[in-house]
Amino acid sequence: MVKVESPWRIAIRRFAKNRLALIGLIILFLMFVLCFLGPVFSPYELNQTSVKNKNLAPSAEYWLGTDKLGRDVLLRVMLAGRISLTVGLVATAISVVIGATLGAVAGFYRRFADTLIMRIADIFLALPTLPILITLGAILSDLKIEPSKRIYFLMLIIGILGWVGLARLVRSQILTLREQEFMQATEALGLRDSRKIFRHLMPNTIPIIIVSATLGVAGAILTESALSFLGLGVVPPTPSWGNMINAANNLIDFRKRPWIWIPPGVCILVTVTAINLIGDGLRDALDPKMKSR
Amino acid sequence: MSQYIIRRLLQMIPTLIGISIIVFAISQMVPGDYITASQNPNMTAERADQLRALYGLDLPPVQQYFIWAKNMLVGNLGDSFQHKMPVTEVINTYVWNSFVIAFATLILSWVIAAFVGVFSAQFQYSFFDKVVTLLVFLLMSLPSFFIGLLAIKYFALDTKLLPTGGMTTAGLNASGFEYLKDVGLHMIMPVAVMTTLSVGGLTRYFRTGMLEVIRQDYIRTARAKGLKERTVIFKHAFRNALLPAITLLGFELPGLFGGAMILERVFNWPGIGQIYLASLNLRDYPLMLGFTMFLAVLTLLGNLISDILYGVADPRIRLK
Amino acid sequence: MAKELVEFRNLETHFKTSAGTVKAVNDVSFSIREGETLCVVGESGCGKSVTAMSLMQLIESPPGKIVGGEIFFEGKDLLKLNKKDMGRLRGKEIAMIFQEPMSSLNPVFTIGKQITEPLLYHLNMTQKEAKARAIELITMVGIPRPEKIFHSYPHELSGGMRQRIMIAIALSCNPKLLIADEPTTALDVTIQAQILDLMRDIKTKMNTAIMMITHDLGVVAEMADFVVVMYAGKVIEEASVLELFREPRHPYTQGLLKAKPVINQRQERLYSIPGQVPNPVDLGENCHFHDRCEFCMEICKAKAPPLRAHIDGHKTACWLYEEEGKAQ
Amino acid sequence: ACGGGEEAASTDTTTPTETATDTTTPDETATEETGTDSESAIGFTEATDVATNNDVALARTDSAIIGTVAPQGVFNPLFHQTSYDYYVDYLVFPSLTKVKTDGTYENDLADDIKISDDNKTYTFHIRDDANYSDGTPVTASDYLFALKIYLDSSYDGQADPLSWNIVGGKEYNEGTATDISGVKVIDDKTVEVTVSDYDAMTQVNLGGVTPLSEAYYGKDYKQGDVSSIKAFNGKPMGAGPYKVTKYTAGQEVDFEANEGYYDGAPKIPKLIYKVTTDTTNLAMLQAGETDLDNITVNEDNVEELKATGFLDVDILKNNGYGYVAMNNNNPLFSDVKVRQALTYGLNRAEVVEAAYGPYAEVINIPQSDVSWAYTDENIDPYDYDVEKAKSLLDEAGWVEGADGIREKDGKKFEVNFSATADNPVVDALIPIMTENYEQLGIKLVVETLDFNAIMEKKDKGDYDMFFAAWGLTPDPDSTVYITDGAQNNSGYSNPEVDALYAKGKKELDINERKKIYAEAYQKINADAPEILMYQRTNMLAINGRLDGWDISPYKDFPLSLHQVEIAE
Amino acid sequence: MSESVVQVDTRHSGGTGEPLVQVENLKKYFPITGGVFQRRVGDVKAVDGVSFTINKGESFGLVGESGCGKSTIGRTLLRLNDKTDGSVHFEGRDLHKLSKSELRNMRTKMQIVFQDPFSSLNPRIKVGEAIGEALLDHGLVSRKDVKERVIETMKLCGLAEYHYDRFPHEFSGGQRQRIGIARALIMNPDFIVADEPVSALDVSIQAQIINLLSDLQSEKQLTYLFISHDLSVVEHLCNRVGVMYLGTMMEMAPTDELFSNPLHPYTKALMSAIPVPDPTLKRERIVLQGDIPSPANPPSGCKFHTRCPMASDICKQQIPEYRNVGNEHFVACHFA
Ligand SMILES: Nc1ncnc2c1ncn2[C@@H]1O[C@H](COP(=O)(O)OP(=O)(O)OP(=O)(O)O)[C@@H](O)[C@H]1O
Ligand SMILES: Nc1ncnc2c1ncn2[C@@H]1O[C@H](COP(=O)(O)OP(=O)(O)OP(=O)(O)O)[C@@H](O)[C@H]1O
Ligand SMILES: [Mg+2]
Ligand SMILES: [Mg+2]
C-alpha cells in the first residue's frame, strides 16, 4: 500500500510476468543479435560468389548450404535480417504513426477534417499502387538518390501504403471515445486540443494499434521484397528475407533445395510470432484496467 | 432509403473525379508509354510517332484527360492497345473468371473463419486456440506464391488428386454439368489457397468479436434461461458477433472483381489480375485506366454497401 | 412457517486472479422459504451477485469456481447435478433477472422470440401456444399493446419496459424461485416504483419465492420479508425485515441505515462509515469490517466472528455480541 | 534489323527481314564456337525411351496439346504483337514466302516471284491450289486488300509499311488516293508491286505479307478505319494448315486440320494450344498433359526433362544477346580505353556460367553465332584480364586515389548501374561486377528498376550503365551502332561504321554483305561501345511420340506443325 | 429571501443574492440522426426553454427522472454543448458568445464533477497528472510546483499523497469521485456543476462525498448546481430546488418550501416514489402509470399529462403557465 511504483515499472513488471511475451522479447532480441552481430563471425563475404560451390546442401562448411551463386545462405539470412527487421519495424511504425494521427484527427474534429481525411483514404484505397510505385522508383532514380539510402524511402512508402486501415480503425474508436465522460471533463478543464488528442484519446486506442501493428510487421517484411523489383527497395546483391524466399519461386528449388527457402521463411515466422507475442504482452501491460497479469 | 442512396451516389462523383485525375496524372508520370514498352525491334522513330499520333498520345495531357473522361461518361473506355478490342470487352472476358474464384473464396473463408473464430474464442487460450493462432502467423509469414507452389506440389504433382492449373481440361468439349464439374475441380486449389490466405485475418476478427459478445449481459440471460450451450453460442452470441463483420462484406466488393495477380499466375487461372498486370507493364493505358476506374467505382460502392448492410443486419439501426 | 425452498450451506466461491484468490463468497449459509421475499443487501463487490450466480451455476469458469459448500433446492444439491439437469432447472424452476435491462436482452432478436424461447425449450409448447402465452405474459407485466411489443426489438422499448420483459421471461415457466439481481438500480424512481409494485403483485398472485439483491435499504424495507446483510463475502447479519430495521445490531448495518439521507428527515450532517471496502484479494481471517468499525476491538483484528442468533431468528456476526468480545 | 528488349520477349515480333540467298547453315557456325562444353549441352537430344511415355499423352491419338504463354487474342498477322498470337497465326495465315531453317526464305503461298532488273518491281504469282479454309481461292486482290489495310491511316499494327516504299502507299495512307498506284492486280493470281526505293529487305517485306480474304474481312472496311477488320481478330480465317475452332481467352485455342491445305492435309487432325505458366509447364510435360512447351533453360530443368526419357529436348540458340550499355556521351566513357578496360575487367565468363551454366556463351560481336553474318576473325575476345584493364585505365588518366577509387581531374570513378530485377543474369552480374570493378578501383552503384524506367533514362541520356538485351532478326542490318540510329542506346558514333552499315543495307549480294558486316563488327569490337555479355539459348521439350519436326533458331516450331505426325 | 429558508450549517447562507449564473429560456435540441445513414430525422428536445438564476454561494438543486435534461442543462450551461436557443450568463457575460480563447480562460472559474466516477476519469492517465494537467495546460502553475499543489488539493479531498502515481482503476468508486472533485477544485473555481456526483456510489460512500461537498462549499464559498434524481440528497444539500420533467421546469422553490408544500403532481409522485428505509411506514404511494414519453416527441399541452393522475382535457391542450405562487415558489400546473 505504501510502496510507490511508477507506472513504467508496473508495466515492465507486468510484462516480465507474462511468460509468453518475455519469450517473444528474447527471441526478437536473439534475432537482432544474430543478424547484426552474426555476420561479423562469418568466414564468408556478401559478394563472394563461387560458381563451383553453387547449390550445396548444408554441411560443416556451409551450415545452411549455398545458393545458386555459391553464396553462403547463413550469411545471407543474417544480413537479410538486418534489412527485413529494420524495414518491418520502421515501416510499421511509420504507418502506425500516420494512421493513428490521421485517424485521431479525423475522429476528433469530425466535419471537415473527417470528410477530407476519409475521402483521401477512399482515394488511397482506390488508387492502383503498382504504377505509383513504378513512378516513384523512376523518380528516385532520376533524383540520383543513392540506392543504399532508398531503403528509407522504402520504409516510408510501405508505411504510407498501410495507413488507411489503421486510420479507419482509430477513427471509429475515437468517435466513441470522444463521447465519453472523461473527454467532457477535458473540455470542462479547457485543455488544448493537442493535449486532448495525444494525451487523452490516442493512448486509449493502444490495444487496436498494437494489434494492427503486430499484424503489419509480417506484411511489411513481405512487401519489401515486392518493391525491390521496382527500384524502391533494397538492391541485389543485398539480401532480404522476402527476396530470398522469392528467389525460390520454382518447384525444383522447392523440392530439391529446401535450404534456400526454409531459413528465411523460418526467420520471418519466428520474428512475426515473437512480435505478436510481444504485442499481446504489451497490450496487457499497458492496459491499466488489467488488474491481473 | 432510396433518397439516401441517391445522395451517397451523388457524393461519389467528386471523389471519382478526383480519383480519375490522380490516376490519369500517374499514368502520365509513369516512365515509358505503350510504344516504348512494346519494344518492337523494327520500330523506326517515324513509325513510333505515327502510332503515338494514332493513339492520341501526342496530345497535351490535359486534352488527353478530357477526351478520356468524356468517353468514359458515355461508357466508352476506349480500345485496349494490346488486345485491340474495347476495354469493356477485355474486362468482361476475364473478370468473371476472377470473380468465380474470389466469390468461392469469400464464402469459404467466411464460413471457416466464423467457425474457427467462434471455437477459438469459446476456448480462449486452449490448445486449439493456440494452434490456430500459430497457423495464422505461419500463413502470414509466407508469400502467397509459396503456399500456391506447396499446394501444387502435393495435390497436383505428388498425389495427382487435382489438376496442376488452368480453368478447364484442355480439349474438353463438355457442357452443362460436365463442364461445371471440370471447372469446379480446377477451382479447388486456387480457392483453397486463397482461402487459407484470407481466413487468417478473418479468424482473428471473429475471435475478437466473439470474445466481446460472450461477455455481454444478454449471453448471461440466455444461459439463465437454461438454454443449451450450443444454442447460446451459435444462436445468441454468433448472430451478434457477425454484425460488425458484415460491414466488412462491402469492402470485399472490389476484391471480388480485382483478380489476384500472383496466384492467378501460379495457378494459371485466366483471370483479370494477370491481364491488369500486363497492361501496367505494357503501358496499355486504356485498359489500365479503365480497369482502375472500374475498381475505384467498386471500392466506393463497396463502402456504400457496407453502410447499408450494417443497417440491414442490425435491428438497432435499421431504418424505420 | 413455510417450507425451505433453497438452502445455502457454507457456500464458498473463489475467483483465481493473478493478483491472488478472491474469496467472493466465503462460507455463506442462509435459506429462502417458499413464497418469501428475501433481500440480500451489501455494498458493491461484497458477493451478492456471486452468491446468486452460484445458485444458477453461471459462475464464469475460469476464473471462478465453487470450491465448497452445498446449495439445496427442494432438497436436491444443485452442485451435484449434471449440466443437463441443471439446464432443465434453470429458467424453469429458477429464473433470474439482472440489473441492466438495457443490455440483458439480445439486440438482434425480437421480444417475442426471446420470451417464447424458454417456453419452447422447457415446456415443449408449440409455436402457437408459446405466442399466446407470451402475449399473456406481456399483458401480465403491464405493458399495453402486447401484439406489437411481441414483434418489436429490444431497442424499441424503454428501460422500464425492457425490465418488465425480463420479468416476463423469468416468469414464463412459473418458476418456484425468482432471483432479481438489482432489478431497479438502473431505473428511474417512478419506474422503480412500478416494477416493485409488479413484483409484489407477482409474489402474492403466484406465490413465487423471490431472492432480491439490492443495496438500497429503501427497497429492502418495501419488499423484503427477510434480509441478509453481506460484507466482503460473508453474511454478517440476517433477520426479518422488521427486526432488522428495528434493531440493527452489526455496526455496519447500523452505519448503512444511518448514512442514507431520508426525505423529510433532514440531518445536519450525514453519518458516514469511514474508509473503504477492503481489497477482496487474500482477505485475512478476521472481521473484514474491523478497520472501518468504531467499536473495533483487538479480537476483531485477529479472528472472524461467527454468525450466531442471539435473539430469535436474528443472526449477527460481530464480537460485540459474543462472550469473547464482551470480555475485552 | 535489330533491336528490342529481350525482356519484352512476348513482343519480339518476327517479321522476316532477310534476303532469300543461301548462307551457311546455322548449326555449322554453332559448332565453331570456342565454347567448352557447349557442343554437348546445346542442340537436340532425342528421347531415350519413348516407351516410358505417359498414358495420358498416348491416349491422345488424334490430337496434340502444345503449351504456350497466353495469347492476347489478336489473331491477325497484321495486328498481332506477341509471339504467342503469332503461334496461332503461323497455323492459319500463310504469307507469300516463309523462312527456312537457315534463316533464308522460300516460297510459300507464292510459287513464282519475279524481280525487275532495277530491283523496283516485284511480281508475285500465288499458287493456283491455294484456297482459304472456307474453300474460296486466295486471290491477288486479297493481297492488295491486305496492303490497303497495312497502309490505312488507322493501321496501328507493329509493322512499318510506309518504310516499304510502295509507290502510292503514302497517298493511300494520307487518304489522297483510294487505291495504291504501285500495286497492280494482273490477274486472279498475279500481283505486281512497284517500290520507289529498294534495299536488302524489300523482297522480304513484300513477301511477308499475308493475303487476307476480302470477302471475309472486307465487308465493312472503309478507308481510314480498320476497326471492322480488328473485329475479326477472335475468329481468324486464312489459308493455312489449320483453322481455329474455339478460342477461350487465357485458356486455350483449339484447331482443326484444314483438309484443303495446299501443302497437303496436316497429319494431326486436332491441335490444342493450351496456356501454361513457367511454374508448372515442366510438370505438365512430365505428366503428359502437354506434348510440347518452351521451358526455361537451366541445368535443373534440362536434367528433369532428360530424366523422363520420353521427351525430346531441343536447345536452340536464342536470336539475341545481352549487354551492358555504357553511355558513350558521358565523359566517363568517351575514352575508348575506359570502355575496353571495363570490358576486360569484367569476368563475363563467370557471370554467364553462374547464370546459365553451359547454356549460354560469352559473345564479342553483336551478332548471333548462327547468323551468316557472324565472324570471329580479328575479333578481340576480351578475356578477363584485370592487369590489362588496370593499365588501360592508367593510360586513360584514371589513377587510384587514397581510398582505392580511381580519379581523374578530381572526379571519382563512380558509376551508376541500372538493371531490371528478377533476371537470372542480373542476379549473377551484380555481385560479380561490383566485386570486379572494385578491384579496378571503380565504385559501382547499383539500382534495380522497372524496365520501362530504364528505357526512359536511356531516352533521356541520363544514365551511366544499364543492362539490357536485344532480340535479333535474321538480317544483320541494324540501327544500334549507327550514329543517332533509332535503336542506338549508347550514343556510340563512328562514321566508318555508319558507312559500312549503309553499304551493307543497299548491297544485295550476300557474300559482299558478309564482308561488309565483318568489317563493321571488327570496328565495333575494337571500339567496345558496350560490354557484350552473352548469347543464351531456348529450350523446347517435345513428347517423343510426335515426329517430323523441322525447327531451328529461325524457324519456329509452328511452321513445321503441319508435317508432324503422331508416332505409332 | 423567503423566511422559510432555514439557516442550517450544511446548506449555508443561500447566497448573497447576487446572481452568478443566469439561465434564460435555455433550449438544447439534439438532432436525431437516422441510424447508419446519419440523416436528421427529428430533434430530441432535451432542454426546452428553462430559466433560472443561481446566486453566489448558493446551491441550486435540479431533480427529475433520467433523460429529463438535467445533465444537458449542466453541460450547456458550461458550454460543453452548444445551445440551441436562450442564453447563459456567467458573471454577467454571455458564455455562448465568448471566443474559443476567452472561453478557455473562463473555464478556470467554472468546473464540473461528473455522475460516473468510473467513466469520467481517463483510465490511462495517472491520477496526479489528471488532477494537475489543467493547471499546467493553462500555465497557471510552473511545472515544478504542480505536484505540490496537486498533493495539497488531494489531501483537501481526502486522498493521500501516495495516490499521486496511481491509475484510476486502482481506486474505489468513492475515491475516484474524490479525484473528480479534486480535479475540479484545483482550478479554484467559483462555480461547480455537480452532475449526480453520488448516484453511482454505495450508500456508505455517498454520505462521505456529500459531506465533503458541503464542507468544501463552506470553506471555499463555492456555488453549486447540484443535479440529482434523489430528492433526499437534494433536500440535504440545496437551498433551492428545481424539478424537471421532459426538458422543462415543472416546479422550483426554496428547499423547505418545496418539501413541505409540493404543488406539482409530478413532484408529489417523485417524492412518494422514493422508497423509505422503514418497513413499518405504510405510505400512500402515488405510482405513476406508463413510461416517460420520448423527448423527441413530447406530449402536447402539459408534458406530464400522459402520466398525471389528475390530468384533464385542459392539460392535453394548454401548456400551463410557469408562475410564481408566492414564497419564490414557481410551478407549471393548471391545478396548482
Ligand atoms: N469474473 C470475475 N473475476 C474475478 N473476480 C470476480 C469476478 N466476478 C466477481 N468477482 C469478484 O467477486 C467479488 C464479488 O462480486 P459480486 O459481483 O458478487 O459483487 P456484488 O455484491 O454483486 O456487487 P455489485 O453491487 O457491484 O453488483 C468482487 O470482489 C469481484 O471482484
Ligand atoms: N449528445 C446527445 N445526442 C443526442 N441526444 C442526447 C445527447 N445527450 C443527451 N441526449 C438526450 O437528451 C435527453 C436529456 O438527456 P440528459 O443526459 O440531459 O438527461 P438527464 O436528465 O441528465 O438524465 P440522467 O439522469 O439519465 O443523467 C435524453 O433524452 C437524451 O437521450
Ligand atoms: Mg452485483
Ligand atoms: Mg445525467
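Since the structure is predicted, the reported quantities are computational estimates derived from the model, not experimental observations. We name chains A, B, ... by the order of the sequence lines, and we start the count at 1 in each one.
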Carboxylate-amine/guanidinium proximity below 4.0 Å for D/Lys505 and D/Asp199: yes
Carboxylate-amine/guanidinium contact D/Asp254 D/Lys270, below 4.0 Å: no
Proximal to chain D - members of residues 89-105 of chain B, heavy-atom separation under 4.5 Å: B/Thr93, B/Tyr94, B/Asn97
Residues from residues 48-68 of chain B approaching chain D under 4.5 Å (heavy atoms): B/Gln50, B/Leu51, B/Leu54, B/Tyr55
Residues in residues 276-287 of chain D near chain B [non-hydrogen atoms, under 4.5 Å]: D/Thr276, D/Thr277, D/Asp278, D/Thr279, D/Thr280, D/Ala283, D/Met284
Any donor-acceptor pair under 3.5 Å linking the side-chain atoms of [Y] with those of [X]?
| X | Y | answer |
| --- | --- | --- |
| D/Ser228 | D/Tyr217 | no |
| D/Asn173 | D/Ser153 | no |
| D/Thr202 | D/Asn205 | no |
| D/Ser418 | D/Glu447 | yes |
| D/Ser227 | D/Asp225 | yes |
| B/Gln274 | B/Glu264 | no |
| D/Tyr323 | D/Asn489 | yes |
| B/Ser279 | B/Gln82 | no |

For [X] versus [Y], what's the shortest heavy-atom pair and its separation?
| X | Y | answer |
| --- | --- | --- |
| B/Thr168 | B/Tyr179 | CG2-CE1, 3.7 Å |
| B/Val193 | B/Thr196 | O-OG1, 2.7 Å |
| B/Met189 | B/Pro163 | CE-O, 3.3 Å |

Side chains of [X] and [Y], heavy atoms from C-beta outward: is any pair under 4.5 Å?
| X | Y | answer |
| --- | --- | --- |
| B/Tyr285 | B/Arg283 | yes |
| D/Leu292 | D/Asn543 | no |
| B/Asp79 | B/Val87 | no |
| D/Phe75 | D/Lys235 | no |

Salt bridge (charged side-chain N to carboxylate O under 4.0 Å, His left out) assessment of D/Lys230 paired with D/Asp152: CA-CA 13 Å; D/Lys230 287 196 256 185; D/Asp152 194 282; over 6 Å; no
Sequence neighbours left out, cut at 3.5 Å: what donor-acceptor pairs do the side chains of residues 59-67 of chain D make with other protein atoms?
from    : atom 1 : to       : atom 2 : distance (Å)
D/Arg60 : NE     : D/Asp291 : OD2    : 3.4
D/Arg60 : NH1    : D/Gly288 : O      : 3.1
D/Arg60 : NH2    : D/Gly288 : O      : 2.8
D/Arg60 : NH2    : D/Asp291 : OD1    : 3.1
D/Arg60 : NH2    : D/Asp291 : OD2    : 3.3

Side chain, backbone, both or neither: which part of [X] has a heavy atom under 4.5 Å from chain B?
| X | result |
| --- | --- |
| D/Tyr273 | neither |
| D/Val74 | side chain |
| D/Asn76 | neither |
| D/Asp156 | both |
| D/Gln72 | both |
| D/Ala249 | both |
| D/Lys457 | neither |

Residue among D/Lys274, D/Glu252, D/Lys246 with most heavy-atom pairs under 4.5 Å to chain B: D/Glu252
For chain B, the option from D/Ala231, D/Ser154, D/Pro161 that forms the most heavy-atom pairs under 4.5 Å: D/Ser154
Per-residue contact mode, B/Leu149 against chain D (heavy atom under 4.5 angstrom): side chain
Heavy-atom proximity to chain D below 4.5 Å, by part of B/Thr169: backbone
Options B/Pro270, B/Gly32, B/Ala156, ranked by heavy-atom pairs under 4.5 Å with chain D, top entry: B/Pro270
